[in-house]
Amino acid sequence: MRIPFFSMFTRSPFDDLQKHAEKVKECAWAFQQAAECYAAVNCEVFEDHRQQVIRLEHEADDIKRGIRNHMPKNVMLPVEKFQFFRYLREQDSVVDSVQEALNWLSYRPDSGIPDALERDFFLLVDAVVDPIEELSRMVEEARVYLKTFSDKQREDVKSIIKNIRQMEHDADQVERAFFRKVMEMESDPITVIHMIKLAEIVGSIADHAENAGDMMRAMIAR
Amino acid sequence: MPMELIILALGFIVGFHMSWNIGANDVANSMAPAVGANAITLRQAIGIAGVLVIIGATFIGSHVTDTIRGGIVSPHILEDHRTAMIGAFSALLSAALWVSFATWKSMPISTTHSIVGSMVGFGLATGGVGVVNWSGFGAVAGSWVISPLFSMTIAFFMFKIIVRFVLARTDSYDTALRLSPLFIGLAVFVIVMSFLFKTPLGTAMAVGDITAMLVASVIGIAGGFGGRNLLGWFLAKKEVFRDPEMVFRTIQIGTACYVALALGANDVANAIGPLALIYSLARTGEVATQVPVPYYLLLYGGVSIAIGIAMGGARVIRTVGSGITTLTNSRGYCVTFGAATTVLLASKLGLPVSTSHAAVGGVIGVGLARGIDTVNFGIVYKIMLYWILTVPAAALTSLIIFNLIQIIL
């Protein structure tokens, strides 16, 4: 076949970016289940959930590497390539942090979450899962924008980004409240360290989601 | 004389192969956007393109052909009857081989340049370096740069304008419909101008520049407003959703039809020109700078192209069609418009440009305007290498074939 411009098109990296975002979302759900399980008494499937997150992290990693490796130097994207990769990195860091949080929990397999913290812990987990769920929607809407260039669509993407930023802010509040509770708690030092570090890692999940949103904002800049 | 008959028969076969290739690749390609966008079915596309190509070749195609396309080789080399016949055949075979090779490599090269290169090879074989008009060669080389650059610029700005004034707006569908007389009108203007200046029938009418501009403007304006009404009616009937791309999709069906017609009219000469020369030599034994092309030869070329579309076109259309999500209708319109305008202007300036070259430039333009998910600029260098290689490769092959036949006979 001799087609004037067909050879100039390569597979769209946005397809894979979307797939990556979906994996991140799945990961968030598995994380939520694992966290609930960890807090519950006698839950035996925590390790299964953790393994699922590890598997999903691997898959997301493969997609990420696939995007990076299949982008010849001279390929041009509708957005700055640097920003695109930076975005991908942040989106991928979300999964890494999720995995890290579960790993951290697994170092004390049977201790559970102290009763005084349980409610705040669930609040924190939910607070970081929300912005992750927004990520895949944001990628989807951004793709529509890059196709239609519609101003309205651009506003939609911007409002999702704003949402994510707000969610991160809320998660920060929850995280701080959690810290305070930990400090007020009369407990053994190991539990305190375990809880503090846990909250830090979980909180960083939302940070990465926010960074991804900021990078998306730069990508759709006119 | 058996030798002449053999060469003539072989010429018919190679001419068929060349035409088939043009149909399966170049024409099928032009119909692909409309099919990919589900505006027409594959069967309809093949049917429409086939009919238009035959009409274009037979009725708009030239009834005389320059014995040497592009005037790049001195016609003195044709003085010896036997040499001329072998030479024309070598050129046709060599061009067909190069075109087949490029097709196999999926490289968009110009069939016209292949023929020009092959003729150079034949010229070198018989008359040496002196018979080649090297300054004409400069024009060919210039077209490798000028046509993509030019159509890149047009496509870039056209896409920017469409984004700014249509796509970005909240009521993009209504705006697209309201501005459609402009987009249709521009397309019609270029089509009418191309018809008058680019096709053999139009050139035969010998319309002056200003008259042509006036005629094209009037038809363009009329076509633009008429087109909008037709479009409004067509889209209302289909109850499609209010996507501005639908407007461009419908315009694309029109431009695709013109491309099929024009390819039939112009490119048939690439396959049938050398054949007509062989035919004329076999019949009369006389050579002039121009030889007549009988109706049935044009019809033969047109039908061969149509067979190419029918047999090989489906695959091309499907492949392009599946990738069409990357090139939506508004982008496709910019590419086609940029390419067509470039080819029109360049041929007014006497540059031997190729539509394939211009189309590549158009895609780069839309890519630079950030309209495409991914454009691989790396491949552009490779494509340009094939453009540059076309002339020497076709020339060398032609030279070798010519000498081989000389040895055999």
Side-chain angles (χ1 to χ4, degrees), chain A residues 1-21 66-85 87-88 139-159 216 218-222, chain B residues 21 24-26 28-29 32 99-100 102-109 111 162-164 166-170 172 243-245 312 315-316 319-320 323 325-328 330 335 339 354-360 362-364 367-383:
Chain A
M1 276 181 284
R2 194 173 70 248
I3 305 170
F5 34 72
F6 207 64
S7 48
M8 293 169 70
F9 300 144
T10 50
R11 201 158 117 237
S12 168
F14 289 95
D15 289 338
D16 289 331
L17 190 67
Q18 178 94 60
K19 255 189 240 155
H20 188 269
I67 297 176
R68 286 194 183 152
N69 296 349
H70 292 101
M71 184 88 74
K73 200 166 151 228
N74 291 311
V75 159
M76 186 173 179
L77 303 179
V79 298
E80 291 294 332
K81 212 193 277 179
F82 172 77
Q83 290 168 352
F84 180 85
F85 282 130
Y87 175 86
L88 183 60
V139 172
E140 202 176 313
E141 298 294 327
R143 293 191 69 186
V144 176
Y145 168 65
L146 292 174
K147 196 144 280 169
T148 61
F149 285 101
S150 141
D151 275 350
K152 192 184 149 290
Q153 187 64 31
R154 190 161 167 275
E155 290 307 317
D156 289 352
V157 180
K158 273 163 73 179
S159 86
M216 180 58 85
M219 274 158 70
I220 61 159
R222 262 197 294 247
Chain B
N21 234 309
N25 291 289
D26 302 338
N29 211 334
V99 167
S100 306
T103 306
W104 174 53
K105 286 282 177 193
S106 299
M107 281 292 139
I109 49 106
T111 45
I162 290 177
V163 167
R164 175 89 173 69
V166 181
L167 298 181
R169 297 181 59 123
T170 321
S172 54
D243 182 353
E245 295 289 340
R315 191 166 143 246
V316 175
T319 312
V320 181
T325 39
T326 3
L327 201 70
T328 62
S330 52
V335 172
S354 139
T355 319
S356 320
H357 298 183
V360 169
V363 171
I364 299 176
L368 286 175
R370 309 264 181 192
I372 300 173
D373 266 5
T374 44
V375 187
N376 187 356
F377 280 80
I379 205 91
V380 173
Y381 301 118
K382 199 174 157 200
I383 293 175

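Chain A is the first sequence line, chain B the second, and so forth, proteins listed ahead of strands; every chain is numbered from 1.
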**Request:** Let me see the working for Thr148(A) and Glu245(B) under side-chain contact (heavy atoms from CB on, under 4.5 Å), right down to the final yes or no.
**Result:** CA-CA 9 Å; Thr148(A) 61; Glu245(B) 295 289 340; over 6 Å; no
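Of the two parts of Val375(B), the backbone and the side chain both hold a non-hydrogen atom closer than 4.5 Å to a non-hydrogen atom of chain A. With a 4.5 Å cut-off on non-hydrogen atoms, Ile379(B) touches chain A through its side chain but not through its backbone. The contact between Thr170(B) and chain A is made entirely by side chain atoms (from C-beta outward), counting heavy-atom distances below 4.5 Å. Residue Arg154(A): no heavy atom, backbone or side chain, is found under 4.5 Å from chain B. Interface residue Phe149(A): backbone and side-chain heavy atoms are both found under 4.5 Å from chain B. For Leu146(A), the part lying under 4.5 angstrom from a heavy atom of chain B is the backbone only. With a 4.5 angstrom heavy-atom cutoff, Ile162(B) does not touch chain A via any of its atoms.
Other residues, nucleotides and ligands place more than 12 heavy atoms under 6.0 Å from the CZ atom of Arg68(A).
Chain B forms more heavy-atom pairs under 4.5 Å with one residue of Glu155(A), Gln153(A), Lys152(A), Glu80(A) than with any other, namely Glu80(A). Of the listed residues (Ser330(B), Ala24(B), Gly378(B)), the one with the most heavy-atom contacts under 4.5 Å to chain A is Gly378(B).
Taking CG from Leu167(B) and NZ from Lys147(A), the interatomic distance works out to 12.5 Å, rounded to the nearest 0.5 Å. Taking CG of Leu77(A) as the reference point, atom CD1 of Ile372(B) lies at 11.5 Å (rounded to 0.5 Å). A distance of 10.5 Å separates CE of Met71(A) from CG of Asn376(B), quoted to the nearest 0.5 Å.
Heavy atoms only, all atoms of each residue included: Asp373(B) and Pro78(A) are closest at O-CD, 2.9 Å.
Panel note: side chain Arg169(B), backbone Ser150(A); no donor-acceptor pair is recorded below 3.5 Å.
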